[in-house]
2 protein chains.
Amino acid sequence: MTTTKTIEPAAKTRDGRSTREAILAAATRLIHVHGYNHTTLDDILRESGVGKGNFYYHFKSKEDLGYAILDEIVAAFLQRTLDPCFSDPTARPLAQIRCFLDRVLESQRARNGVGGCPLGNLVAELSDVHEGFRRRLAGVFGIWQTRLTDALEAARRCGQVGDACRPDAVAHFLVASLEGAILLTKLTKDISVMEQCVAELGRYLSLYEVGV
Amino acid sequence: MTTTKTIEPAAKTRDGRSTREAILAAATRLIHVHGYNHTTLDDILRESGVGKGNFYYHFKSKEDLGYAILDEIVAAFLQRTLDPCFSDPTARPLAQIRCFLDRVLESQRARNGVGGCPLGNLVAELSDVHEGFRRRLAGVFGIWQTRLTDALEAARRCGQVGDACRPDAVAHFLVASLEGAILLTKLTKDISVMEQCVAELGRYLSLYEVGV
DNA sequence: CCCTGTGTACCGACTGGTTGGTACAGATGA
DNA sequence: TCATCTGTACCAACCAGTCGGTACACAGGG
């Protein structure tokens, strides 16, 4: 059922784990750039150096792999981008959000916009075609959006933003604008588009800020 | 040019023109929802009732069809959404932009967000995989963004917005935010997300407006 | 008025390559 | 010996694109 990682006394072949991880890593990389449908099993096998039978030992199907990759992407996003900004209790809510915007910008700068947002790409490609993926993706974006909503509500409670700020609507708008900015950056291959958009998003936020 | 139904001298086989158009219409519909790679020629043929040989009489390849569809989508977008808002000389620039935002919202409401933005979908799916499509798509978004930049520059000249407004950056941000909002609406299947985002975009605009 | 030639529009069977997925035999370690 | 891994050969379905052929409108020459 669960991954039972804690119990695990390293009994399994040591490679049992790394094979699965090698597949996951290769597939995540390829699907990020080429999309889900356009990435073939053979591509993934070639990239990871794993045989086909071996692949089907670790994954039930390509779809199963897809779900696993989604979990992978989400975990990385939470760990590397979302959590670090919102876990510091000394920072004020709005500063947390601005920190998050910068972090997203940095993550795009690192790849110069190539590949775009792995989650956003899957939304565009699959959410009207594959209900299972759509539901999972909606869940992920829900988490992301909730984190922002919580911060905005905290900001309202401590008087950092005025009552005009509707946390839910603002959170939706932040997520949407970031996704759009990443998409446009991927299209133009010009990171300055991303920089401009994040800057405007910062100005937008200050619209609600009281006493600046 | 026009459908020539009135004039109709039955010179060519009457079906010469409408066959191409039937293919184009069916393919545009299918690709909008299922994406480019995931829509097969057979799907298009079935949907349009056209034989395979006939298809390849009218189009060089699937890629060729793709380009034709792009032209189709762009023409429709310019004609039905972009031009009507910016061609009225009596409206002030900012009003033109707000009119445009509403029109985009309406176009999504009509389909309840299903399918998302046909152009945005193609960007996500193809721009990192197919350089030809990427270039064409970049051109289209360039036109769109230029139209907004022009309006913002006009707004600055006539004093409707202050000097803090950088037309280029604001135009990029508007396009990005709209695309992101459409994507999120497609994911959540909830048109109120789109409504919230457009409302926030309206507030953002008023940030630059002088004397409101 | 017929015969022949030509260009346009169309059809559906077929092909070669690719895809996700399976069968199975061999390896490895407890 | 048995359960866990892994490689290889294979398969049916599917894909974009090709090919040989049909139907027909329209010329022009006799």
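Chain letters run A, B, ... following the sequence lines, proteins first and then strands; every chain starts at 1. Any value given below was found using the heavy atoms of this structure, including those in side chains, with hydrogens, waters and symmetry copies removed. The model shown is predicted, which means the values in this text are computed figures rather than measured ones.
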- [ ] Answer yes when Arg46(A) and Asp43(A) have at least one side-chain N-carboxylate O distance shorter than 4.0 Å, and no when they do not.
- [x] yes

Open item on the list: Expressed as a whole number of angstroms, how long is the span from Lys62(A):NZ to dA13(D):C1'?
Closed with: 15 Å

Task: Rounded distance (Å) that lies between atom P of dC15(D) and atom CG of Asn37(B) - done: 12 Å

Open item on the list: Measuring to OP1 and OP2 of dA16(D), would you say a side-chain N or O of Ser61(B) lies under 4.0 angstrom away?
Closed with: no

Task: Rounded distance in Å - CG (Leu41(A)) to P (dA13(D)) - done: 19 Å

Task: Short side-chain N/O contact from His58(A) to OP1 or OP2 of dT6(D), under 4.0 Å - done: yes

Open item on the list: Rounding to an integer number of Å, can you tell me how far Lys52(A) NZ sits from dG20(C) C1'?
Closed with: 6 Å

Task: Expected output: side-chain Arg136(A) to main-chain Leu70(A) donor-acceptor under 3.5 Å - done: no

TODO: Take the protein atom OH of Tyr57(A) and the nucleotide atom C1' of dT22(C), then report the distance between them rounded to whole Å.
DONE: 17 Å

Open item on the list: Expressed as a whole number of angstroms, how long is the span from Asn54(B):CG to dC24(D):P?
Closed with: 15 Å

Open item on the list: Output the rounded distance in Å from CZ (Phe55(A)) to C1' (dC10(D)).
Closed with: 18 Å

TODO: Quickly work out the Tyr56(B) OH to dG21(D) C1' distance and round it to whole Å.
DONE: 19 Å

Open item on the list: Under a 3.5 Å cutoff, is there a donor and acceptor pairing between the side chains of Thr40(B) and Asp42(B)?
Closed with: no

Task: Main-chain N/O of Val129(A) paired with Arg134(A) side-chain donor or acceptor, under 3.5 Å - done: no

- [ ] Taking only the side-chain nitrogens and oxygens of Thr40(B), find out if one of them lies under 4.0 Å from OP1 or OP2 of dC14(D).
- [x] no

